[in-house]
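Working notes, beginning with the structure itself.
Just the heavy atoms: all of them, side chains too, but no hydrogens, waters or symmetry mates, feed the values below. In this text, all values refer to a predicted model and were calculated from it rather than measured experimentally.
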Amino acid sequence: MKIILASQSPRRREILKRIGVNFEVMPSQKEEVVTSTIPYEVVKELSSQKADDIKNKYFEINNKSLEDVIIIGADTIVSFEDKILGKPKDKKDAYNMLKLISGNVHQVYTGVSVIYIKANEELDMAKEISFYEETNVYVKALTDKDILEYIETGEPMDKAGSYAIQGIFGKYIDKYQGDYDNVVGLPANRLVKELKENFDVEI
């Protein structure tokens, strides 16, 4: 069986490696199209678009697969009071986001879409499931000094919500409710469970 991760995220790669999955990476470059403003619907939309894009690219090379193929698409967003906090445009944007979540609880949503293509089946026979996981993250009250020093590390600049829980910012996390891996970028336990229940596949 071939497993393809439709993401270039090093954090998602690390999670899959940690649970012992052999996979290859084919990141989707498709332009993101969002039709919803509801956080859990947005991540499911985007993860599905990524997985579908790689399915089509895979079949441009192979009209049929000689082996079973699983394509995993994922997307993670941070939400505070139902407002989506994306990647910061600049240091000022990062400051504003960190100020918002300081001393508050926010939500992290990861949407996952899995496409399962059986060996020798046509493209339109592929099966797809999508789900999302939600984690509540509680951030300690941050001083302006804390925020500015953290921004100067450069860590927030390519992260949704302007922080990385697995990085320097971890010291500012008071607690979380839910799956830690979900905040990092891929809810591994849920993924394993969904693959078994929907496709009878164990990874």
Side-chain angles (χ1 to χ4, degrees), residues 5-16 18 27-28 30-50 72-113 130-191:
L5 176 63
S7 169
Q8 59 187 357
S9 164
R11 293 165 291 280
R12 294 189 181 115
R13 293 200 300 265
E14 287 166 7
I15 290 170
L16 286 180
R18 194 190 71 223
S28 171
K30 187 175 182 178
E31 183 179 353
E32 297 179 343
V33 179
V34 177
T35 62
S36 175
T37 57
I38 300 170
Y40 68 83
E41 290 183 354
V42 170
V43 288
K44 285 173 66 178
E45 269 192 303
L46 293 177
S47 67
S48 180
Q49 289 171 25
K50 291 175 182 179
I72 302 168
D75 193 82
T76 302
I77 62 170
V78 173
S79 173
F80 177 67
E81 295 182 347
D82 293 327
K83 178 185 177 183
I84 295 173
L85 305 180
K87 295 179 181 179
K89 297 187 290 291
D90 50 33
K91 289 182 178 180
K92 182 179 178 182
D93 198 25
Y95 174 87
N96 290 336
M97 286 189 207
L98 292 166
K99 197 75 174 172
L100 273 180
I101 64 175
S102 169
N104 288 306
V105 57
H106 65 271
Q107 289 69 45
V108 178
Y109 297 89
T110 295
V112 180
S113 294
S130 291
F131 61 89
Y132 75 92
E133 196 74 21
E134 175 185 354
T135 302
N136 288 318
V137 180
Y138 295 77
V139 178
K140 295 175 183 177
L142 306 175
T143 65
D144 276 1
K145 183 173 181 287
D146 292 332
I147 294 173
L148 293 172
E149 285 182 353
Y150 178 59
I151 290 171
E152 287 308 309
T153 69
E155 186 177 88
M157 302 317 296
D158 64 341
K159 308 293 190 305
S162 298
Y163 77 91
I165 194 172
Q166 75 279 12
I168 301 165
F169 198 77
K171 65 183 178 180
Y172 297 125
I173 302 298
D174 189 25
K175 62 180 180 178
Y176 60 88
Q177 295 171 328
D179 187 341
Y180 175 87
D181 282 342
N182 183 57
V183 185
V184 179
L186 188 68
N189 290 339
R190 177 78 182 275
L191 174 61

Fill in: Gln166-Tyr180 side chain donor-acceptor pair, cut-off 3.5 Å
no
Fill in: Full working for side-chain hydrogen bond (donor to acceptor under 3.5 Å, both in side chains) between Tyr132 and Glu41
CA-CA 8 Å; Tyr132 75 92; Glu41 290 183 354; over 6 Å; no
Worksheet item: If you take all heavy atoms of Tyr109 and Ser79, which pair is closest and at what distance?
Response: CE1-CB, 3.9 Å
Practice prompt. Determine, for Asp75 against Lys50, whether the closest basic-nitrogen to carboxylate-oxygen distance falls under 4.0 angstrom.
Written response: yes
Response to the item:
Taking every heavy atom of Pro156 against every heavy atom of Ile151, the minimum-distance pair comes out as CG-CA, 3.9 Å
Worksheet item: Is there side-chain contact between Leu16 and Leu186, with heavy atoms separated by less than 4.5 Å?
Response: yes
Worksheet item: Between the side chain of Asn96 and the main-chain N/O of Ala94, is any donor-acceptor distance below 3.5 Å?
Response: no
Item to complete: Check whether any side-chain heavy atom of Thr76 sits under 4.5 Å from a side-chain heavy atom of Arg12, and report yes or no.
Response: yes
Item to complete: Would you mind reporting whether Tyr176 and Val108 have side-chain heavy atoms less than 4.5 Å apart?
Response: no
Worksheet item: Are the side chain of Ser113 and the backbone of Ser48 linked by a donor-acceptor contact shorter than 3.5 Å?
Response: yes
Discussion item. Apply salt bridge (charged side-chain N to carboxylate O under 4.0 Å, His left out) to residues Lys140 and Asp146 and explain how you reach the verdict.
Written reply: CA-CA 11 Å; Lys140 295 175 183 177; Asp146 292 332; over 6 Å; no
Discussion item. Using a 3.5 Å distance criterion without hydrogens, assess whether the side chain of Gln49 forms a donor-acceptor pair with backbone atoms of Lys30.
Written reply: no
Worksheet item: Where the side chain of Asp93 meets the backbone of Lys89, is there a donor-acceptor pair that is under 3.5 Å apart?
Response: yes
Practice prompt. Write down the atom of Gly111, the atom of Ser47, and the distance for their closest heavy-atom approach.
Written response: O-CB, 3.3 Å
Discussion item. Are the side chains of His106 and Leu85 in contact, using a 4.5 Å heavy-atom criterion?
Written reply: no
Worksheet item: Does any non-hydrogen side-chain atom of Lys99 lie less than 4.5 Å from one of Asp144?
Response: yes
Worksheet item: Given side chains that start at C-beta, do those of Ser36 and Glu45 come closer than 4.5 Å, heavy atoms only?
Response: yes
Discussion item. Check whether Asn104 reaches the backbone of Ile101 with its side chain - one donor and one acceptor, N or O, closer than 3.5 Å.
Written reply: no
Worksheet item: Under a 4.0 Å N-O cut-off, is there an ion pair linking Lys145 with Glu149?
Response: yes
Discussion item. Would the distance check show the side chain of Thr135 and the main-chain N or O of Asp179 forming a donor-acceptor pair, the cut-off being under 3.5 Å?
Written reply: yes
Practice prompt. Any chance you could lay out the side-chain contact (heavy atoms from CB on, under 4.5 Å) test for Val139 and Phe169, step after step, and finish with the verdict?
Written response: CA-CA 9 Å; Val139 178; Phe169 198 77; 3.9 Å; yes
Discussion item. Do Pro187 and Val112 make a side-chain contact, defined as non-hydrogen atoms from C-beta onward lying under 4.5 Å apart?
Written reply: yes
